[in-house]
There are 2 protein chains.
Amino acid sequence: MNREIPDDAVQKEALRRFKANVFQVLGHPTRIHIVECLRDGELTVSAILDQVAVEPANASQHLSVLRSKGLVVNRKEGNQVFYSLRDPLLIEVLDTMKLYFKKHLEEAMSMLQGMEG
Amino acid sequence: MNREIPDDAVQKEALRRFKANVFQVLGHPTRIHIVECLRDGELTVSAILDQVAVEPANASQHLSVLRSKGLVVNRKEGNQVFYSLRDPLLIEVLDTMKLYFKKHLEEAMSMLQGMEG
DNA sequence: TTAGTATATTCGATTATTCGAAATTACTAA
DNA sequence: TTAGTAATTTCGAATAATCGAATATACTAA
C-alpha cells in the first residue's frame, strides 16, 4: 500500500488532521468559554455551569468533545465531577491567540457585525 | 436592549465567537496545509496547488474561507493571484501548537487510529 | 428503600460544512 | 477576435455539528 505517496507525506497529513481536530474542538464559543474557565484550575461541572450559561446537557456534550479529543481530563469525587485542562500549553496557545485578537480587535468587531447580520 | 446581561459579558461573548471563528477556520486539514505553505512567504494559487493536492475548486473554496475570516490576504498580478498570511502572529500560534503536538505525539497517533477506524 | 442532586447519554430535528462537477470571470498571447 | 490558462463561483448531494428534551446513571442523605 501507498506505492505513490511517500511515508513522510502520509505522516504529515496525519499530523495535520490531528491539528485540525484540536482546532476544531476550540472552534466553538461555548468550548472556548469552558477552556477559559479552567484556566486557573479544576472546576466541577456545576461551577462551569455557573459561568457558562447553557443547558447542563449541552455543557456535558461540549465537555464530552473536549474530553474525547484530550483537551481536558476529569476526575470524579463523590457526587461531582471535576474538570481540568490536560496541558497548560493549551493556555499558551490561547494567550498567543489573545495577542492576535488584541491586534486585530477593531477589524474583528466589524467582522463580527458581518458574521451575524 | 440587554437589560439583564451586562455589556461586559456581551462583549466577552462576542470575542469568544470571534476566537471560535478563527479556530474553526484552522479546523480543517487542507486549510492548515495552505497556511503552512504560506509560512515563508506569498505563493500563487498554482504553487499552493502543487503542494496541496486537491481540486482547484476546492482549494479556492478553502482560500475563500481563509480570506473571509481575515487569515490571509491576496493580490492579483496579471493572470495570477498571490496569497500570503495576514499576520505572522498566526505562525506563532501554529508553532505553539507544534510544541503541544510534539508533546502529545504518541497519544495523538493512537487517537488518530480511533478517529478514522 | 426512597427522594434528590449531579452529570451524562440518546434521540431527532435543524443547520452548517464539505466536496466535485459544471459554469464563469479575468486575464494573456496568438 | 479566438484559444488557452488561472482562479473563482454556483449548485446539489453527502456528511457532520449542534441543540433541547427526555431519559438514564451514579452518588448521597434521609
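Naming convention: chains lettered A, B, ... in sequence-line order (proteins, then strands); numbering from 1 in each chain.
- Between A:Glu36 and A:Arg39 there is no salt bridge, since no side-chain N of the basic residue sits under 4.0 Å from a carboxylate O of the acidic one.
- Look at CZ on B:Arg67: it is 11 Å from C1' on D:dT9, rounded to the nearest Å.
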Could you please spell out the steps behind the side-chain contact (heavy atoms from CB on, under 4.5 Å) verdict for A:Leu89 and B:Lys103? CA-CA 10 Å; A:Leu89 213 45; B:Lys103 199 164 165 190; 4.2 Å; yes

With a cut-off of 3.5 Å and sequence neighbours excluded, list every side-chain donor-acceptor pair involving residues 55-64 of chain B.
| residue | atom | partner | partner atom | Å |
| --- | --- | --- | --- | --- |
| B:Asn58 | OD1 | B:His62 | NE2 | 3.2 |
| B:His62 | ND1 | B:Arg31 | NH1 | 3.1 |

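- Between A:Tyr83 and C:dA8 there is a side-chain N or O to OP1 or OP2 distance below 4.0 Å.
- One can place CG of B:Leu49 at 14 Å from P of C:dC19, the figure rounded to the nearest angstrom.
- Atom-to-atom, CD1 of A:Ile48 to P of C:dA6 comes out at 14 Å; the value is rounded to the nearest Å.
- Each of A:Ser60 and A:Asn79 has a nearest nucleotide on DNA chain C; the 5'-most of these lies closest to A:Asn79.
- In this structure, A:Gln80 places its CD atom 15 Å from C1' of C:dA8, rounding to the nearest Å.
- If you measure from atom CG of A:Asn74 to atom C1' of D:dA26, you get 14 Å, rounded to the nearest angstrom.
- Counting to the nearest Å, the C1' atom of D:dC27 and the CD atom of A:Glu77 are 13 Å from each other.
- Contact check, B:Ser46 against D:dT5: no side-chain N or O comes under 4.0 Å of OP1 or OP2.
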Sugar-phosphate or base contact per nucleotide [nucleotides 17-25 of chain D; S, B, -; heavy atom under 4.0 Å]: SSBBBB---

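- In this structure, A:Arg86 CZ and A:Leu66 CG are separated by 13.0 Å, a value rounded to the nearest 0.5 Å.
- The NZ-P distance, from A:Lys76 to C:dA6, rounds to 14 Å in whole Å.
- Atom CE of A:Met97 and atom CG of A:Leu99 lie 11.0 Å apart (nearest 0.5 Å).
- Atom CD of A:Glu42 and atom P of C:dT7 are 12 Å apart (whole Å).
- With A:Tyr83 as reference, A:Arg67 is the one residue of A:Glu42, A:Arg67, A:Arg75 to meet the side-chain hydrogen bond (donor to acceptor under 3.5 Å, both in side chains) rule.
- Here the shortest heavy-atom pairing between A:Pro29 and B:Arg17 reads CG-CG, 3.9 Å.
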